[in-house]
There are 2 protein chains.
Amino acid sequence: MENRFLPSTENKILAAAKKVFIHKGWSGARMHEIAEEAKINKSLLHYYFRTKEKLFEAVFKYAFNKFVPSIKEALNSDKSLFEKIELIADQYISVLIKNQFIPLFVLHEINRNPERLYELMQQAGVRPEEFFEQIQQEMRKEKIKNIDPRQLIINLLALCVFPIAAKPLLQRVFFENDKRQYRQFLEARKKEIPAFIINSIKSG
Amino acid sequence: MENRFLPSTENKILAAAKKVFIHKGWSGARMHEIAEEAKINKSLLHYYFRTKEKLFEAVFKYAFNKFVPSIKEALNSDKSLFEKIELIADQYISVLIKNQFIPLFVLHEINRNPERLYELMQQAGVRPEEFFEQIQQEMRKEKIKNIDPRQLIINLLALCVFPIAAKPLLQRVFFENDKRQYRQFLEARKKEIPAFIINSIKSG
DNA sequence: GTCTATATTGTGATAGAC
DNA sequence: GTCTATCACAATATAGAC
(Lines give C-alpha, C1' and ligand atoms only; values in the text may rest on other atoms or scores of the structure.)
Protein backbone atom coordinates (compact mmCIF):
# COMPACT_ATOMS: atom_id res chain seq x y z
CA MET A 1 0.00 0.00 0.00
CA GLU A 2 1.41 3.34 -0.99
CA ASN A 3 2.28 6.03 1.48
CA ARG A 4 -0.22 8.86 1.22
CA PHE A 5 2.04 11.37 2.94
CA LEU A 6 5.39 11.07 1.22
CA PRO A 7 5.15 12.15 -2.41
CA SER A 8 5.48 9.38 -4.95
CA THR A 9 8.31 9.52 -7.46
CA GLU A 10 5.85 10.46 -10.15
CA ASN A 11 4.62 13.41 -8.11
CA LYS A 12 8.14 14.52 -7.30
CA ILE A 13 8.88 14.53 -11.02
CA LEU A 14 5.76 16.48 -11.81
CA ALA A 15 6.50 19.07 -9.14
CA ALA A 16 10.05 19.52 -10.41
CA ALA A 17 8.97 19.60 -14.05
CA LYS A 18 6.41 22.31 -13.30
CA LYS A 19 9.09 24.42 -11.73
CA VAL A 20 11.63 24.02 -14.52
CA PHE A 21 9.31 24.13 -17.55
CA ILE A 22 7.34 27.08 -16.25
CA HIS A 23 10.47 29.07 -15.46
CA LYS A 24 12.48 28.18 -18.54
CA GLY A 25 9.94 27.26 -21.19
CA TRP A 26 9.92 24.27 -23.48
CA SER A 27 13.29 24.74 -25.15
CA GLY A 28 15.04 26.21 -22.13
CA ALA A 29 14.12 23.34 -19.83
CA ARG A 30 16.64 20.52 -19.41
CA MET A 31 15.74 16.98 -18.42
CA HIS A 32 18.79 16.67 -16.17
CA GLU A 33 17.76 19.86 -14.39
CA ILE A 34 14.31 18.45 -13.73
CA ALA A 35 15.86 15.25 -12.37
CA GLU A 36 18.16 17.27 -10.14
CA GLU A 37 15.29 19.38 -8.88
CA ALA A 38 13.30 16.23 -8.10
CA LYS A 39 16.38 14.61 -6.55
CA ILE A 40 15.96 11.48 -8.61
CA ASN A 41 17.81 9.76 -11.40
CA LYS A 42 17.58 11.11 -14.94
CA SER A 43 16.43 7.77 -16.31
CA LEU A 44 13.37 7.78 -14.12
CA LEU A 45 11.99 10.73 -16.05
CA HIS A 46 11.82 8.51 -19.09
CA TYR A 47 10.57 5.56 -17.14
CA TYR A 48 7.54 7.56 -15.97
CA PHE A 49 6.90 9.88 -18.91
CA ARG A 50 8.85 8.35 -21.81
CA THR A 51 9.73 11.64 -23.52
CA LYS A 52 10.32 15.29 -22.74
CA GLU A 53 7.33 16.13 -24.92
CA LYS A 54 4.97 13.96 -22.84
CA LEU A 55 6.29 15.36 -19.59
CA PHE A 56 5.77 18.86 -20.90
CA GLU A 57 2.23 17.96 -21.89
CA ALA A 58 1.46 16.88 -18.34
CA VAL A 59 2.87 20.10 -16.91
CA PHE A 60 1.03 22.26 -19.38
CA LYS A 61 -2.28 20.66 -18.56
CA TYR A 62 -1.57 21.28 -14.91
CA ALA A 63 -0.87 24.97 -15.53
CA PHE A 64 -3.89 25.28 -17.76
CA ASN A 65 -6.16 23.74 -15.15
CA LYS A 66 -5.05 26.31 -12.61
CA PHE A 67 -7.29 28.79 -14.41
CA VAL A 68 -10.20 26.75 -15.53
CA PRO A 69 -12.06 26.28 -12.23
CA SER A 70 -12.01 29.93 -11.19
CA ILE A 71 -12.86 31.20 -14.65
CA LYS A 72 -15.67 28.70 -15.18
CA GLU A 73 -17.07 29.40 -11.75
CA ALA A 74 -17.17 33.12 -12.45
CA LEU A 75 -18.67 32.72 -15.92
CA ASN A 76 -21.32 30.22 -14.88
CA SER A 77 -22.53 32.12 -11.83
CA ASP A 78 -25.81 33.97 -12.31
CA LYS A 79 -24.46 37.33 -11.31
CA SER A 80 -24.76 40.60 -13.19
CA LEU A 81 -22.15 41.70 -15.70
CA PHE A 82 -20.47 44.13 -13.32
CA GLU A 83 -20.39 41.55 -10.54
CA LYS A 84 -18.84 39.02 -12.88
CA ILE A 85 -16.14 41.46 -13.91
CA GLU A 86 -15.33 42.01 -10.24
CA LEU A 87 -15.29 38.28 -9.58
CA ILE A 88 -13.09 37.41 -12.56
CA ALA A 89 -10.54 40.13 -11.82
CA ASP A 90 -10.32 39.09 -8.19
CA GLN A 91 -9.98 35.37 -8.82
CA TYR A 92 -7.70 35.71 -11.84
CA ILE A 93 -5.24 37.98 -10.05
CA SER A 94 -5.26 35.73 -6.97
CA VAL A 95 -4.31 32.72 -9.08
CA LEU A 96 -1.65 34.67 -10.97
CA ILE A 97 -0.03 36.07 -7.83
CA LYS A 98 0.42 32.53 -6.58
CA ASN A 99 1.64 31.29 -9.98
CA GLN A 100 3.65 34.16 -11.33
CA PHE A 101 5.36 32.32 -14.15
CA ILE A 102 2.21 30.93 -15.70
CA PRO A 103 1.37 33.99 -17.85
CA LEU A 104 4.62 33.95 -19.77
CA PHE A 105 4.49 30.18 -20.01
CA VAL A 106 0.98 30.24 -21.44
CA LEU A 107 1.74 33.18 -23.74
CA HIS A 108 4.64 31.20 -25.14
CA GLU A 109 2.41 28.19 -25.74
CA ILE A 110 -0.21 30.43 -27.34
CA ASN A 111 2.34 31.35 -29.95
CA ARG A 112 3.90 27.90 -30.28
CA ASN A 113 0.73 25.87 -30.57
CA PRO A 114 -2.49 27.91 -30.51
CA GLU A 115 -4.67 25.21 -32.04
CA ARG A 116 -3.94 22.65 -29.36
CA LEU A 117 -4.57 25.24 -26.67
CA TYR A 118 -7.88 26.07 -28.26
CA GLU A 119 -8.82 22.39 -28.18
CA LEU A 120 -7.86 22.20 -24.53
CA MET A 121 -10.18 25.12 -23.82
CA GLN A 122 -13.01 23.41 -25.64
CA GLN A 123 -12.46 20.17 -23.75
CA ALA A 124 -12.37 22.03 -20.46
CA GLY A 125 -15.67 23.67 -21.29
CA VAL A 126 -14.37 27.23 -21.27
CA ARG A 127 -16.56 29.10 -23.72
CA PRO A 128 -15.88 32.83 -23.95
CA GLU A 129 -18.68 32.97 -26.54
CA GLU A 130 -21.15 32.55 -23.70
CA PHE A 131 -19.68 35.44 -21.75
CA PHE A 132 -19.75 37.30 -25.05
CA GLU A 133 -23.51 36.75 -25.36
CA GLN A 134 -24.11 37.70 -21.77
CA ILE A 135 -22.36 41.01 -22.19
CA GLN A 136 -24.59 41.91 -25.11
CA GLN A 137 -27.76 40.97 -23.23
CA GLU A 138 -26.66 42.86 -20.15
CA MET A 139 -25.89 45.92 -22.25
CA ARG A 140 -29.40 45.95 -23.67
CA LYS A 141 -31.02 45.29 -20.30
CA GLU A 142 -29.05 47.88 -18.36
CA LYS A 143 -29.15 50.37 -21.24
CA ILE A 144 -25.41 50.89 -21.03
CA LYS A 145 -23.14 51.90 -23.84
CA ASN A 146 -22.98 49.40 -26.64
CA ILE A 147 -19.33 48.43 -26.82
CA ASP A 148 -17.77 45.45 -28.58
CA PRO A 149 -17.84 42.59 -26.04
CA ARG A 150 -14.57 41.29 -27.43
CA GLN A 151 -12.85 44.55 -26.58
CA LEU A 152 -14.21 44.29 -23.06
CA ILE A 153 -13.10 40.68 -22.48
CA ILE A 154 -9.65 41.27 -23.95
CA ASN A 155 -9.24 44.45 -21.90
CA LEU A 156 -10.09 42.54 -18.75
CA LEU A 157 -7.61 39.79 -19.56
CA ALA A 158 -4.91 42.25 -20.57
CA LEU A 159 -5.21 44.25 -17.36
CA CYS A 160 -4.92 41.10 -15.22
CA VAL A 161 -2.20 39.25 -17.13
CA PHE A 162 0.25 41.91 -18.29
CA PRO A 163 1.37 43.21 -14.88
CA ILE A 164 2.41 39.68 -13.94
CA ALA A 165 4.02 38.80 -17.25
CA ALA A 166 6.12 41.97 -17.24
CA LYS A 167 6.64 42.02 -13.49
CA PRO A 168 10.45 41.99 -13.24
CA LEU A 169 10.78 45.16 -15.30
CA LEU A 170 7.73 46.96 -13.90
CA GLN A 171 8.81 46.21 -10.36
CA ARG A 172 12.25 47.59 -11.15
CA VAL A 173 11.06 50.73 -12.91
CA PHE A 174 8.15 51.75 -10.70
CA PHE A 175 8.92 50.23 -7.31
CA GLU A 176 12.72 50.17 -7.04
CA ASN A 177 12.54 46.37 -7.00
CA ASP A 178 10.56 46.26 -3.78
CA LYS A 179 8.78 42.92 -3.91
CA ARG A 180 6.36 43.73 -1.11
CA GLN A 181 5.26 46.99 -2.68
CA TYR A 182 4.66 45.31 -6.00
CA ARG A 183 2.60 42.66 -4.32
CA GLN A 184 0.45 45.37 -2.74
CA PHE A 185 0.17 47.05 -6.12
CA LEU A 186 -1.18 43.81 -7.61
CA GLU A 187 -3.57 43.32 -4.71
CA ALA A 188 -4.91 46.83 -5.27
CA ARG A 189 -5.62 45.94 -8.87
CA LYS A 190 -8.25 43.43 -7.76
CA LYS A 191 -10.41 46.50 -7.09
CA GLU A 192 -8.78 48.94 -9.52
CA ILE A 193 -9.40 46.90 -12.64
CA PRO A 194 -13.14 46.37 -12.19
CA ALA A 195 -13.54 50.01 -11.17
CA PHE A 196 -11.55 51.07 -14.20
CA ILE A 197 -13.65 49.00 -16.59
CA ILE A 198 -17.01 49.78 -15.03
CA ASN A 199 -16.32 53.51 -14.82
CA SER A 200 -15.37 53.52 -18.45
CA ILE A 201 -18.55 51.73 -19.50
CA LYS A 202 -20.76 54.00 -17.42
CA SER A 203 -19.32 57.20 -18.83
CA GLY A 204 -19.92 56.09 -22.43
CA MET B 1 33.16 49.86 -53.15
CA GLU B 2 30.30 47.96 -51.66
CA ASN B 3 27.01 47.47 -53.39
CA ARG B 4 24.38 49.58 -51.73
CA PHE B 5 21.47 47.64 -53.19
CA LEU B 6 22.28 44.00 -52.51
CA PRO B 7 22.32 43.28 -48.79
CA SER B 8 25.72 42.56 -47.32
CA THR B 9 26.30 39.19 -45.69
CA GLU B 10 26.21 40.86 -42.31
CA ASN B 11 22.79 42.33 -43.02
CA LYS B 12 21.49 39.05 -44.35
CA ILE B 13 22.56 37.41 -41.11
CA LEU B 14 20.95 40.11 -39.02
CA ALA B 15 17.68 39.85 -40.92
CA ALA B 16 17.61 36.08 -40.53
CA ALA B 17 18.60 36.24 -36.88
CA LYS B 18 15.81 38.70 -36.16
CA LYS B 19 13.33 36.33 -37.70
CA VAL B 20 14.54 33.22 -35.88
CA PHE B 21 15.32 34.72 -32.46
CA ILE B 22 12.11 36.73 -32.34
CA HIS B 23 9.98 33.73 -33.30
CA LYS B 24 11.73 31.10 -31.21
CA GLY B 25 13.36 32.98 -28.36
CA TRP B 26 16.89 32.64 -27.09
CA SER B 27 16.94 28.93 -26.29
CA GLY B 28 14.64 27.89 -29.11
CA ALA B 29 16.73 29.56 -31.81
CA ARG B 30 19.31 27.43 -33.62
CA MET B 31 22.41 28.80 -35.31
CA HIS B 32 22.04 26.43 -38.24
CA GLU B 33 18.47 27.63 -38.72
CA ILE B 34 19.62 31.23 -38.85
CA ALA B 35 22.26 30.30 -41.42
CA GLU B 36 19.66 28.45 -43.49
CA GLU B 37 17.28 31.41 -43.31
CA ALA B 38 20.07 33.74 -44.44
CA LYS B 39 21.17 31.26 -47.11
CA ILE B 40 24.75 31.38 -46.00
CA ASN B 41 27.22 29.04 -44.36
CA LYS B 42 26.96 28.33 -40.65
CA SER B 43 30.56 29.32 -40.05
CA LEU B 44 29.92 32.82 -41.28
CA LEU B 45 27.67 33.48 -38.32
CA HIS B 46 30.69 33.06 -36.09
CA TYR B 47 32.94 34.97 -38.42
CA TYR B 48 30.69 38.03 -38.18
CA PHE B 49 29.33 37.76 -34.65
CA ARG B 50 31.63 35.28 -32.88
CA THR B 51 28.98 33.79 -30.56
CA LYS B 52 25.28 33.14 -30.41
CA GLU B 53 25.11 35.47 -27.41
CA LYS B 54 26.58 38.41 -29.33
CA LEU B 55 24.28 37.81 -32.28
CA PHE B 56 21.31 37.74 -29.94
CA GLU B 57 22.47 40.97 -28.36
CA ALA B 58 22.48 42.68 -31.75
CA VAL B 59 18.98 41.43 -32.52
CA PHE B 60 17.64 42.44 -29.15
CA LYS B 61 18.94 45.96 -29.48
CA TYR B 62 17.29 46.18 -32.86
CA ALA B 63 13.94 45.07 -31.43
CA PHE B 64 14.32 47.38 -28.46
CA ASN B 65 15.05 50.37 -30.66
CA LYS B 66 11.84 49.79 -32.57
CA PHE B 67 9.96 51.24 -29.62
CA VAL B 68 12.23 53.92 -28.31
CA PRO B 69 11.77 56.63 -30.93
CA SER B 70 7.96 56.56 -30.91
CA ILE B 71 7.72 56.37 -27.13
CA LYS B 72 10.25 59.11 -26.53
CA GLU B 73 8.61 61.33 -29.09
CA ALA B 74 5.23 60.93 -27.40
CA LEU B 75 6.60 61.45 -23.90
CA ASN B 76 8.71 64.49 -24.80
CA SER B 77 6.01 66.33 -26.73
CA ASP B 78 4.39 69.21 -24.85
CA LYS B 79 0.86 67.92 -25.24
CA SER B 80 -1.75 67.43 -22.55
CA LEU B 81 -2.09 64.15 -20.69
CA PHE B 82 -5.08 63.00 -22.71
CA GLU B 83 -3.39 63.88 -25.96
CA LYS B 84 -0.30 61.96 -24.94
CA ILE B 85 -2.35 58.90 -24.10
CA GLU B 86 -3.90 59.06 -27.55
CA LEU B 87 -0.51 59.50 -29.18
CA ILE B 88 1.16 56.66 -27.30
CA ALA B 89 -1.65 54.19 -27.96
CA ASP B 90 -1.67 55.05 -31.65
CA GLN B 91 2.08 54.84 -32.17
CA TYR B 92 2.60 51.82 -29.95
CA ILE B 93 -0.06 49.76 -31.67
CA SER B 94 1.22 50.80 -35.08
CA VAL B 95 4.71 49.57 -34.26
CA LEU B 96 3.39 46.35 -32.73
CA ILE B 97 1.16 45.53 -35.70
CA LYS B 98 4.20 45.73 -37.94
CA ASN B 99 6.35 43.76 -35.48
CA GLN B 100 3.99 41.21 -34.01
CA PHE B 101 6.56 38.97 -32.40
CA ILE B 102 8.31 41.69 -30.46
CA PRO B 103 6.00 41.67 -27.41
CA LEU B 104 6.59 38.02 -26.56
CA PHE B 105 10.27 38.40 -27.32
CA VAL B 106 10.60 41.39 -25.01
CA LEU B 107 8.45 39.79 -22.30
CA HIS B 108 10.74 36.80 -22.37
CA GLU B 109 13.80 39.02 -22.01
CA ILE B 110 12.10 40.94 -19.18
CA ASN B 111 11.96 37.69 -17.24
CA ARG B 112 15.37 36.42 -18.31
CA ASN B 113 17.39 39.55 -17.70
CA PRO B 114 15.39 42.49 -16.32
CA GLU B 115 18.41 44.40 -15.03
CA ARG B 116 20.11 44.63 -18.41
CA LEU B 117 16.86 45.71 -20.00
CA TYR B 118 16.51 48.42 -17.39
CA GLU B 119 20.01 49.62 -18.19
CA LEU B 120 19.16 49.69 -21.89
CA MET B 121 16.15 51.85 -21.11
CA GLN B 122 18.29 54.23 -19.10
CA GLN B 123 20.87 54.48 -21.88
CA ALA B 124 18.15 55.10 -24.43
CA GLY B 125 16.81 57.93 -22.31
CA VAL B 126 13.39 56.38 -21.71
CA ARG B 127 12.28 57.66 -18.33
CA PRO B 128 8.77 56.63 -17.30
CA GLU B 129 9.33 58.61 -14.08
CA GLU B 130 8.94 61.80 -16.09
CA PHE B 131 5.63 60.67 -17.50
CA PHE B 132 4.78 59.68 -13.97
CA GLU B 133 5.39 63.26 -12.75
CA GLN B 134 3.47 64.74 -15.61
CA ILE B 135 0.40 62.66 -14.84
CA GLN B 136 0.36 63.94 -11.27
CA GLN B 137 0.73 67.56 -12.36
CA GLU B 138 -1.95 67.18 -14.99
CA MET B 139 -4.31 65.64 -12.47
CA ARG B 140 -3.93 68.61 -10.16
CA LYS B 141 -4.25 71.14 -12.96
CA GLU B 142 -7.29 69.58 -14.61
CA LYS B 143 -8.85 68.67 -11.30
CA ILE B 144 -9.42 65.10 -12.38
CA LYS B 145 -9.59 62.08 -10.16
CA ASN B 146 -6.40 61.36 -8.31
CA ILE B 147 -5.42 57.89 -9.44
CA ASP B 148 -2.06 56.17 -9.06
CA PRO B 149 -0.03 57.16 -12.15
CA ARG B 150 1.63 53.76 -12.14
CA GLN B 151 -1.74 52.05 -12.53
CA LEU B 152 -2.47 54.34 -15.45
CA ILE B 153 0.82 53.73 -17.27
CA ILE B 154 0.69 49.98 -16.75
CA ASN B 155 -2.93 49.87 -17.89
CA LEU B 156 -1.99 51.70 -21.06
CA LEU B 157 0.89 49.32 -21.76
CA ALA B 158 -1.18 46.24 -20.93
CA LEU B 159 -4.00 47.23 -23.25
CA CYS B 160 -1.58 47.80 -26.13
CA VAL B 161 0.74 44.83 -25.65
CA PHE B 162 -1.46 41.93 -24.57
CA PRO B 163 -3.68 41.67 -27.68
CA ILE B 164 -0.54 41.23 -29.78
CA ALA B 165 1.25 38.87 -27.40
CA ALA B 166 -1.80 36.59 -27.16
CA LYS B 167 -2.90 37.11 -30.76
CA PRO B 168 -2.91 33.52 -32.06
CA LEU B 169 -5.40 32.38 -29.42
CA LEU B 170 -7.53 35.55 -29.37
CA GLN B 171 -7.78 35.53 -33.13
CA ARG B 172 -8.87 31.91 -33.01
CA VAL B 173 -11.40 32.30 -30.21
CA PHE B 174 -13.01 35.60 -31.14
CA PHE B 175 -12.50 35.91 -34.89
CA GLU B 176 -12.49 32.35 -36.23
CA ASN B 177 -8.86 32.85 -37.23
CA ASP B 178 -9.68 35.64 -39.66
CA LYS B 179 -6.44 37.58 -39.94
CA ARG B 180 -8.02 40.60 -41.62
CA GLN B 181 -10.71 40.94 -38.98
CA TYR B 182 -8.17 40.75 -36.20
CA ARG B 183 -6.11 43.42 -37.89
CA GLN B 184 -9.17 45.67 -38.00
CA PHE B 185 -9.83 44.90 -34.36
CA LEU B 186 -6.32 46.05 -33.47
CA GLU B 187 -6.67 49.17 -35.60
CA ALA B 188 -9.89 50.01 -33.78
CA ARG B 189 -8.02 49.80 -30.49
CA LYS B 190 -5.93 52.82 -31.45
CA LYS B 191 -9.07 54.82 -30.62
CA GLU B 192 -10.75 52.40 -28.20
CA ILE B 193 -7.89 52.31 -25.69
CA PRO B 194 -7.53 56.07 -25.19
CA ALA B 195 -11.32 56.44 -25.03
CA PHE B 196 -11.47 53.61 -22.52
CA ILE B 197 -8.82 55.15 -20.29
CA ILE B 198 -10.01 58.73 -20.57
CA ASN B 199 -13.66 57.82 -19.93
CA SER B 200 -12.62 55.95 -16.86
CA ILE B 201 -10.63 58.87 -15.49
CA LYS B 202 -13.41 61.35 -16.17
CA SER B 203 -16.06 59.30 -14.38
CA GLY B 204 -13.98 59.02 -11.22
C1' DG C 1 11.31 0.77 -9.66
C1' DT C 2 15.87 2.46 -9.62
C1' DC C 3 20.50 2.63 -10.94
C1' DT C 4 24.93 2.78 -14.21
C1' DA C 5 26.51 2.89 -18.57
C1' DT C 6 26.06 4.07 -23.16
C1' DA C 7 24.00 5.07 -27.58
C1' DT C 8 22.60 8.77 -30.61
C1' DT C 9 21.87 12.93 -32.11
C1' DG C 10 22.08 17.96 -31.79
C1' DT C 11 24.55 22.28 -31.33
C1' DG C 12 27.88 25.96 -30.68
C1' DA C 13 32.26 26.84 -32.02
C1' DT C 14 37.00 26.48 -34.33
C1' DA C 15 40.84 25.12 -37.72
C1' DG C 16 42.50 25.53 -41.92
C1' DA C 17 42.17 25.24 -47.13
C1' DC C 18 40.93 28.24 -50.78
C1' DG D 1 35.33 36.38 -46.86
C1' DT D 2 33.65 31.89 -47.61
C1' DC D 3 33.78 27.05 -47.49
C1' DT D 4 34.52 21.97 -45.63
C1' DA D 5 35.66 19.27 -41.96
C1' DT D 6 35.68 18.45 -37.40
C1' DC D 7 35.89 19.10 -32.38
C1' DA D 8 33.86 19.19 -27.81
C1' DC D 9 30.31 18.82 -25.29
C1' DA D 10 25.37 18.88 -24.08
C1' DA D 11 20.88 16.68 -24.31
C1' DT D 12 17.39 13.19 -25.09
C1' DA D 13 16.79 8.60 -24.86
C1' DT D 14 17.59 3.50 -24.22
C1' DA D 15 19.76 -1.08 -22.57
C1' DG D 16 20.39 -3.92 -19.12
C1' DA D 17 22.04 -5.10 -14.31
C1' DC D 18 20.18 -5.19 -9.78
Side-chain angles (χ1 to χ4, degrees), chain A residues 1-63 101 105 108-109 112-113 116, chain B residues 1-63 105 108-109 111-113 116:
Chain A
M1 177 176 160
E2 109 186 33
N3 189 323
R4 277 186 295 141
F5 300 98
L6 289 175
S8 67
T9 301
E10 185 165 349
N11 284 335
K12 282 197 286 184
I13 292 174
L14 269 176
K18 281 171 208 164
K19 203 165 178 178
V20 176
F21 274 126
I22 288 174
H23 276 76
K24 311 228 165 155
W26 158 256
S27 43
R30 296 290 166 241
M31 294 295 266
H32 79 88
E33 196 182 347
I34 294 171
E36 217 167 276
E37 179 72 37
K39 290 173 182 147
I40 51 118
N41 189 286
K42 234 176 37 159
S43 305
L44 287 180
L45 299 177
H46 294 96
Y47 177 78
Y48 281 95
F49 292 92
R50 258 192 64 79
T51 66
K52 183 183 178 183
E53 185 70 45
K54 290 198 200 310
L55 181 53
F56 179 83
E57 192 88 356
V59 170
F60 188 78
K61 278 181 183 158
Y62 159 84
F101 285 91
F105 182 62
H108 200 264
E109 244 348 70
R112 214 175 65 108
N113 204 344
R116 205 177 57 80
Chain B
M1 177 177 162
E2 113 188 29
N3 189 324
R4 278 185 296 143
F5 300 98
L6 288 175
S8 66
T9 300
E10 187 167 347
N11 284 335
K12 280 196 288 184
I13 291 174
L14 268 176
K18 280 173 208 164
K19 204 166 177 177
V20 176
F21 273 125
I22 288 174
H23 276 76
K24 310 228 166 156
W26 160 257
S27 45
R30 296 290 165 245
M31 294 295 267
H32 79 86
E33 196 181 347
I34 294 171
E36 217 168 274
E37 179 71 38
K39 289 172 182 145
I40 52 115
N41 190 286
K42 225 176 50 153
S43 304
L44 286 180
L45 300 177
H46 294 96
Y47 177 78
Y48 281 96
F49 292 90
R50 256 193 69 77
T51 66
K52 183 183 179 184
E53 185 69 46
K54 288 197 200 310
L55 181 52
F56 179 83
E57 191 87 358
V59 170
F60 187 79
K61 279 183 182 157
Y62 159 83
F105 183 60
H108 200 265
E109 241 351 68
N111 283 270
R112 215 176 65 110
N113 202 345
R116 205 177 58 79

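Order of the sequence lines fixes the chain letters, A, B, ..., with proteins taken first and strands second; residue numbering starts at 1 for each chain.
A donor-acceptor pair under 3.5 Å is formed between the side chain of K52(B) and the backbone N or O of A29(B).
The distance from atom CD1 of I40(A) to atom P of dG1(C) is 13 Å, rounded to the nearest whole Å. If you take NE2 of H46(A) and P of dT6(C), they are 18 Å apart, rounded to a whole angstrom. Taking atom CD1 of I34(B) as the reference point, atom C1' of dT11(C) lies 12 Å away to the nearest angstrom. If you measure from atom CZ of R30(B) to atom C1' of dT9(C), you get 12 Å, rounded to the nearest angstrom. Distance CG (L44(A)) to C1' (dA17(D)): 15 Å, rounded to an integer number of Å. Rounded to whole Å, atom C1' of dT2(C) lies 15 Å from atom CD of E10(A). One can place CG of L45(B) at 14 Å from P of dT4(D), the figure rounded to the nearest angstrom. Summarising the geometry, the separation between NZ on K42(A) and C1' on dA15(D) is reported as 14 Å, rounded to the nearest angstrom.
Closest approach to the K52(A) side chain among dT4(D), dG12(C), dA13(D) is made by dA13(D) (side chain taken as heavy atoms from C-beta onward). Distance from the side chain of H32(A) is smallest to dA11(D) among dT2(C), dA5(C), dA11(D). Counting only heavy atoms from C-beta on, Y48(B) has its side chain closest to dT2(D) among dT14(D), dG12(C), dT2(D).
Within the nucleic acid shown, A29(B) comes within 4.0 Å of sugar-phosphate atoms alone, with no base atom in reach, counting heavy atoms only.
No N or O donor and acceptor, one from the side chain of T9(A) and one from the base of dT2(C), sit under 3.5 Å apart. Looking at T51(A), its side chain has no donor and acceptor atom pair within 3.5 Å of the base of dT12(D).
Nearest approach of A16(B) to I34(B), heavy atoms of both residues: CB-O, 3.5 Å.
Taking the six-membered ring where the residue is Trp, W26(A) and F56(A) present perpendicular rings, their angle passing 60° and hence far from 30°.
Counting heavy atoms from C-beta outward, H46(B) and K54(B) have side chains that stay 4.5 Å or more apart. Using a 4.5 Å heavy-atom cutoff, the side chains of Y47(A) and T9(A) are not in contact.
Mapped onto DNA chain D by nearest heavy atom, Y47(A) and K39(B) fall at different nucleotides, with K39(B) at the one closer to the 5' end.
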